[in-house]
Amino acid sequence: MSLTFVVSTGRCGSTLLSRLLHTNPDILSISELFGLVPIKDRLAGHLDGGDFWRQIADPVPFIDAMVRDGLTLPEFLYPYTTGRFTPETGVPFISHMTLPTLTDDPDGVFDWLAAIVPDWPTRPVPDHYRHLFSLLSDRFGGTATVERTGGSIRAVADLRSAFPEARFIYLSRDGMDSALSMSKHAGCRIPVLVEREGSWTRAVHNAADRATGQSGRFPAIDAERIMECEIPLASFGDFWSTMTLKGAAELARIPLDRWTTVRYEQLLLDPVASLCRLARFLGVTSSPEWLSWAEKQVRPERIGTSIDLASADVAELRAACSPGYAADEALHAQHPPTAAGIEHGRSKR
């Protein structure tokens, strides 16, 4: 079984791409297996099966608090109102985002995994993940595993070190459009706000909890402040550029035949050509049925969402995105699409 990671800055269509790949029977498309946790910390050392299971299954208090306090993300797909687990008692980490993209019965699949994984022997953590991918492939099908975690462009070096056999798909979207989308997404607003505040506690937690020092529960998340606090769009442009520059530097170290690129804009305007190209890279088939279904899922009107911004915001955002644009263009230039090129979003402004 082959292993490929989709790496991106987030807010650039990686969720859509995962959904499209999921419907190809030759692909095991896994989403957000490392979401909202430091990837490097999840790949280090040796663990026995029980400790590895706890790593992927134990609740993450911060994620549960986000759901509990109303700071939900589109990626949180667990059926919180009908499922067996609740944010108050703790939802398994793998159940928030990963399992619901694979099955309509995340609790049942969780129980199936819980009966198998803890008995695995001690081995390097990456080997546990390889066996997990194989186990999921046996159940859900697919000869090619494709994992996608939003924002994973920052972890290319860590992923490559842990999985030297893996290949990479670099997915990007026009930086200004990505930054605008980031400005509306809690998962992106939090790190930008923490950097501006210089303190995780001040940026994220409710003032009352900070003052009283609540014990026995994770401090309340200040969802209203996180989503309503004014943050200049240029800050998100800087955030996008920083991630793009870091990822570009690491991808440039990888042999060209081990990675490829796709633009979100190309995926929306010509999904058939984009998906056929990715299928060839992954070594899987592109059935007419799959391509026909995929064509109906895309929304080309999502291209150029930042074009209507005020001129001052446009100028500041463009300047902030400029370093990232240069790095992004350099990456795509190494993997030009076989079909006719598509004008990059920022050139329309």
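Computation of the quantities below employed the complete heavy-atom set of this structure, encompassing side-chain atoms and omitting hydrogens, waters and symmetry-equivalent molecules.
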**OP:** Give a yes or no answer on whether the side chain of T149 reaches the backbone of S152 with a donor-acceptor pair at less than 3.5 Å.
**Re:** no
Subject >> Side chain S29, main chain S18, donor-acceptor under 3.5 Å >> reply: yes
**OP:** Could you tell me whether E195 atom CD has more than 12 heavy atoms of other residues or ligands within 6.0 Å of it?
**Re:** no
Subject >> Side-chain donor or acceptor of H131 paired with backbone N/O of D127 under 3.5 Å >> reply: yes
**OP:** Evaluate the side chain to side chain contact (heavy atoms under 4.5 Å, CB included) criterion for residues F281 and T4: first the C-alpha distance (whole Å), next the side-chain angles of each, then the deciding distance (0.1 Å), finally the verdict.
**Re:** CA-CA 10 Å; F281 178 75; T4 302; 4.2 Å; yes
Original post:
So, the side chain of Q266 versus the backbone of V262: is there a donor-acceptor pair under 3.5 Å, distance only?
Top reply: no
**OP:** Using the salt bridge (charged side-chain N to carboxylate O under 4.0 Å, His left out) rule, take R263 and E329 through it: C-alpha gap first, then chi angles, then the decisive distance, then the call.
**Re:** CA-CA 11 Å; R263 291 192 192 278; E329 290 289 357; 3.1 Å; yes
Original post:
Can any side-chain N or O of S274 pair as donor or acceptor with the backbone N or O of D270 at less than 3.5 Å?
Top reply: yes
Subject >> Under-4.0 Å salt bridge between E75 and R19 >> reply: no
Original post:
F110 and Y78: aromatic ring centres closer than 6.0 Å?
Top reply: no
Original post:
Are the aromatic rings of W259 and F5 close, with centres under 6.0 Å apart?
Top reply: no
Original post:
Looking at CZ of R11 and SG of C188, how far apart are the two atoms once the value is rounded to the nearest 0.5 Å?
Top reply: 6.5 Å
Subject >> Test item: T242 side-chain N/O and D238 main-chain N/O as donor-acceptor pair under 3.5 Å >> reply: yes
Original post:
Counting distance only, does the side-chain N/O of D69 pair as donor-acceptor with the main-chain N or O of I221 below 3.5 Å?
Top reply: yes
Subject >> H185 side, atom NE2; S183 side, atom OG - distance, nearest 0.5 Å >> reply: 11.5 Å
Original post:
Hey, is the main chain of A320 close enough, under 3.5 Å, to the side chain of S241 for a donor-acceptor pair?
Top reply: yes
Original post:
Counting only heavy atoms not in E224, do more than 12 fall under 6.0 Å of its CD?
Top reply: no
**OP:** For residues F76 and H96, establish whether the separation of their ring centroids is below 6.0 Å.
**Re:** yes
Original post:
Roughly how far apart are L193 CG and I231 CD1, rounded to 0.5 Å?
Top reply: 4.5 Å
Original post:
Is the backbone N or O of R68 less than 3.5 Å from a side-chain atom of E88, with the two atoms forming a donor-acceptor pair by type?
Top reply: no
**OP:** Would you kindly check if the NZ (Lys) or CZ (Arg) of R42 is within the cone defined by 45 degrees around the ring axis of F93 and under 6.0 Å from the six-membered ring centre?
**Re:** yes
Original post:
Any donor-acceptor pair under 3.5 Å linking the side chain of T98 with the backbone of E32?
Top reply: yes
Original post:
Between W120 and L135, is any pair of side-chain heavy atoms under 4.5 Å apart?
Top reply: yes
Subject >> L113 side, atom CG; L99 side, atom CG - distance, nearest 0.5 Å >> reply: 6.5 Å
Subject >> More than 12 heavy atoms from other groups under 6.0 Å of CG on D104 >> reply: no
Subject >> D328, T260, T261 screened by side-chain hydrogen bond (donor to acceptor under 3.5 Å, both in side chains) with Y170, the one that passes >> reply: D328
Subject >> Value rounded to 0.5 Å, distance of CZ in R160 from CD in E250 >> reply: 8.5 Å
**OP:** Fit a plane to each ring of H205 and W200, take the angle between them on a 0 to 90° scale, and name the class: parallel (under 30°), tilted (30 to 60°) or perpendicular (over 60°).
**Re:** perpendicular
**OP:** Before giving the answer on side chain to side chain contact (heavy atoms under 4.5 Å, CB included), spell out for W290 and V284 the whole-Å C-alpha distance, their side-chain angles and the decisive distance to 0.1 Å.
**Re:** CA-CA 12 Å; W290 176 52; V284 300; 5.8 Å; no
